[in-house]
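Worth knowing before you read on, the calculation uses all heavy atoms, side chains too, and leaves out hydrogens, waters and symmetry mates. By convention in this document, chain letters (A, B, ...) are assigned in the order of the sequence lines, proteins followed by strands, and residues within each chain are numbered from 1.
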There are 2 protein chains.
Amino acid sequence: MMQKSPISPQDITIYDVAREAGVSYSTVSRVINNKGVSADKRERVLRAMAELGYVANLQARSLAGGKSHIIGLLVHSLSIEYFDEIARGVDDELAAISYDLMLYTTHRRKGRESAYVAKVTRNLVDGLLLVLPRNAEAYLQALGHRRFPHVLVDHQGLGFDVPSVGATNQQGGYDGTSYLITLGHRRIGFITGDLTLGCARDRLAGYHEALSDAGLPADPALICEGNFLQPQAFSCANELLNLAEPPTAIFASNDVSAFGVMEAVRNRGLRIPDDISILGFDDISQAAQVHPSLTTVRQPLAEMGRAAARLLFTYINQPDAAIKQIVLPTELIIRQSCQPPAKSTLA
Amino acid sequence: MMQKSPISPQDITIYDVAREAGVSYSTVSRVINNKGVSADKRERVLRAMAELGYVANLQARSLAGGKSHIIGLLVHSLSIEYFDEIARGVDDELAAISYDLMLYTTHRRKGRESAYVAKVTRNLVDGLLLVLPRNAEAYLQALGHRRFPHVLVDHQGLGFDVPSVGATNQQGGYDGTSYLITLGHRRIGFITGDLTLGCARDRLAGYHEALSDAGLPADPALICEGNFLQPQAFSCANELLNLAEPPTAIFASNDVSAFGVMEAVRNRGLRIPDDISILGFDDISQAAQVHPSLTTVRQPLAEMGRAAARLLFTYINQPDAAIKQIVLPTELIIRQSCQPPAKSTLA
DNA sequence: CCTCGCTTTGCAAGCGCTTGCAAATTGCTG
DNA sequence: CAGCAATTTGCAAGCGCTTGCAAAGCGAGG
């Protein structure tokens, strides 16, 4: 038999630990898995493991029917800070229970979701976290069919009843808009996110709701469809600013879009917030770093990641736990990009 | 024996494939591993695999002494687009050889590099890619000791002779500076990166070299120590702009820093590039998206990732392949953030 | 002091795969 | 067409672990 690689000779197995501790290998296994073992033996095993520097072999573990102690995280991309924040939360939580993270980016296997899921689930991970998947239904079907532990992040409003973690997007849209109204703005531009996503639609709904609650008209010209990306927001902002009666504030559906707005505004020599107020959504780290710092609706991304990891973990350990949908609160973070409109149109 | 999870019943193994194809299971294994098998049997096995939808069980594979077909990627963080670009390149290359990616972020296990490496190497991956590791020596020692396939990305100038992939940082610094000089700039500010990193030092060296080749004085006041992050660059830029005789151009050691400079410049009501030229380094995607678009020294990050993956792959398959250090060329990307200085000081 | 039920322990089997070894098959050569 | 080397093939073992099962240990009730 070939050694897997010319790895260092002292690869410690449970047999070594068992010998050192003077117990049987199954006892060692039971210690590792927290099964019933008498206190003194457990003690001895633990000491032996520490002395020998034992490291569990995950593949053997999961082959033998145990857990692999790895969960999969499915995202589109990583460069978007949004994903990274979530990943960070997940990672934190996993570190606490010494799980590892296997990262899958979807872009490379478009349209083959179920084959993909088959591969993933069969191979390695104990559970799967899907962040804002493009084709959730296809995944879910494959996953559900295999009864495989999974949790969706930021993907509410599905027909299915599916374990998920999200944020109060509509409330966030409402709060942001209301804040601008309170400041005295009457014409508030809105740049949507990718409207195929529920979170984008919810934010827009919140905007409408706030307007209507304040008795303000909803001018369709003030709404421009974006896609959560900076260049699109840049042109949306230009469109809005070109209006005969331009808005005095612009609410962008995410921070990245807000940055695009800031660019467009400055490009015309307008000042922020003196000439126009800008509001974002998400509160990615850059929001606090730009000048002026961006007032935004904070979405607790890392916290969502943590919650999702915890939830997934329950499903891993109790496959029949009830399906839960966690919704975390958004929060308005007031910084410096908004102020009352210059020529106040206060009624 | 417990099934690993309540997974779908039809989990196809090589035995099933063997039965279907009418051959022995070892023949199936040999087909999978491209060992010598007669053409007709290979054919039959392949067809059977396709029909049954066979998916290899990676843990069994690697337990049995084969490859796991997973490589590890070690990065600090993901939010930084720099890392993501590299990861994308790696991922592309791996997709081509149907390898998977296991992601490790270092922040959570500070100072325990060798224990960490022990765990990683022993557990899962066939090889490890280290991107700009903070404590390369510690990792390398552990890795080398285990003779474990690994490649460093963007970490030249090490005492060791180590497999690595990098870019021509000094040349890039030289080219960028020379470009500004050609444009007519004489006082060129420079914001360094984190000088504990070789790439940052190299870029600075290129700046110095270009200045000296052009017979220009090196004014230390024009050099400000940054850390590759936006806020620090913002204050550096302010410092530079406060000089009695401020620079007419600022060369930032990465694009993110250049964005910080742009902010600082605009914050004072100066225009880019009319009042001051700005040059970046890296060419992350945002560089093309900001306004004005950023002239920058392109570092082929994705290509570096690909090259690193390929190199690692050779080491995985030929543990004794010669240690290779690949250096990819940088390239000046001219966009709109630079132009000749306003009050030209052409000699 | 024996017996019963509970917990702790050890043994063996097996997870799905790779690969050394030996047997079977093939293709040549003389 | 026998005889030999070079393939191709199958069998069995084993990678490191978990866990069912049965044996052993233990305290308490009779």
Rounded distance (Å) that lies between atom [atom2] of [N] and atom [atom1] of [X]:
{"X": "I14(B)", "N": "dC17(C)", "atom1": "CD1", "atom2": "C1'", "result": "5 Å"}
{"X": "H69(A)", "N": "dT18(D)", "atom1": "NE2", "atom2": "P", "result": "8 Å"}
{"X": "I12(A)", "N": "dG16(D)", "atom1": "CD1", "atom2": "P", "result": "11 Å"}
{"X": "D126(A)", "N": "dC17(D)", "atom1": "CG", "atom2": "C1'", "result": "14 Å"}
{"X": "R19(B)", "N": "dG10(D)", "atom1": "CZ", "atom2": "C1'", "result": "16 Å"}
{"X": "L63(A)", "N": "dG14(C)", "atom1": "CG", "atom2": "C1'", "result": "10 Å"}
{"X": "Y25(B)", "N": "dT18(C)", "atom1": "OH", "atom2": "P", "result": "12 Å"}

Item checked: Flag for S24(B)-T27(B): side-chain donor and acceptor within less than 3.5 Å ->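 Side chains of T27(B) and S24(B): pair found under 3.5 Å.
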
Pair Y315(A)-D320(A), side-chain donor/acceptor within less than 3.5 Å =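 Judged by distance alone, the side chains do not pair up.
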
Is any side-chain heavy atom of [X] closer than 4.5 Å to a side-chain heavy atom of [Y]?
{"X": "L128(A)", "Y": "F148(A)", "result": "yes"}
{"X": "V45(A)", "Y": "M49(A)", "result": "yes"}
{"X": "R42(A)", "Y": "N34(A)", "result": "yes"}

Exercise. Want to settle it: does T27(B) or A60(B) sit nearer the 5' end of DNA chain D, counting the closest nucleotide to each?
Worked result: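 Going by which nucleotide is closer to the 5' end, it is T27(B).
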
Where do E51(A) and R44(A) land on the salt bridge (Lys or Arg N to Asp or Glu O under 4.0 Å) test, with the steps shown first?
CA-CA 10 Å; E51(A) 261 170 34; R44(A) 265 153 57 205; over 6 Å; no

Task: Residues D92(A) and R88(A) bridged, charged N to O under 4.0 Å - done: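 No, no charged N to carboxylate O under 4.0 Å.
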
Margin query: Nearest heavy atom decides the nucleotide; on that basis, is Y15(A) or R30(A) closer to the 5' end of DNA chain C?
Written below: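 This one resolves to R30(A).
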
If you go through the side-chain atoms of S29(B), does one of them form a donor-acceptor pair with the base of dC17(C) closer than 3.5 Å?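 Side chain to base: no pair present.
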
Practice problem: With a 4.0 Å heavy-atom cut-off, tell me which residues in residues 31-50 of chain A come close to DNA chain D, sorted by residue number. | Solution: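 Those residues are N33(A), K35(A).
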
Check: The side chain of A64(B) lies closest to which of these nucleotides: dG10(C), dC17(C), dC17(D)?
Finding: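 Closest nucleotide to the A64(B) side chain: dC17(C).
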
Quiz prompt | Proximal nucleotide (of dG16(D), dT9(C), dG10(D)) relative to the S26(B) side chain | solution =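 Closest nucleotide to the S26(B) side chain: dG10(D).
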
Reckon S62(B) has a side-chain N or O less than 4.0 Å from the OP1 or OP2 of dC15(D)?
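S62(B) to dC15(D) OP1/OP2: no side-chain N or O under 4.0 Å.
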
**OP:** Respond yes when some side-chain nitrogen or oxygen of T13(B) is under 4.0 Å from OP1 or OP2 of dG16(C), and no when none is.
**Re:**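 So the side-chain polar atoms of T13(B) never come under 4.0 Å of the phosphate oxygens OP1 or OP2 of dG16(C).
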
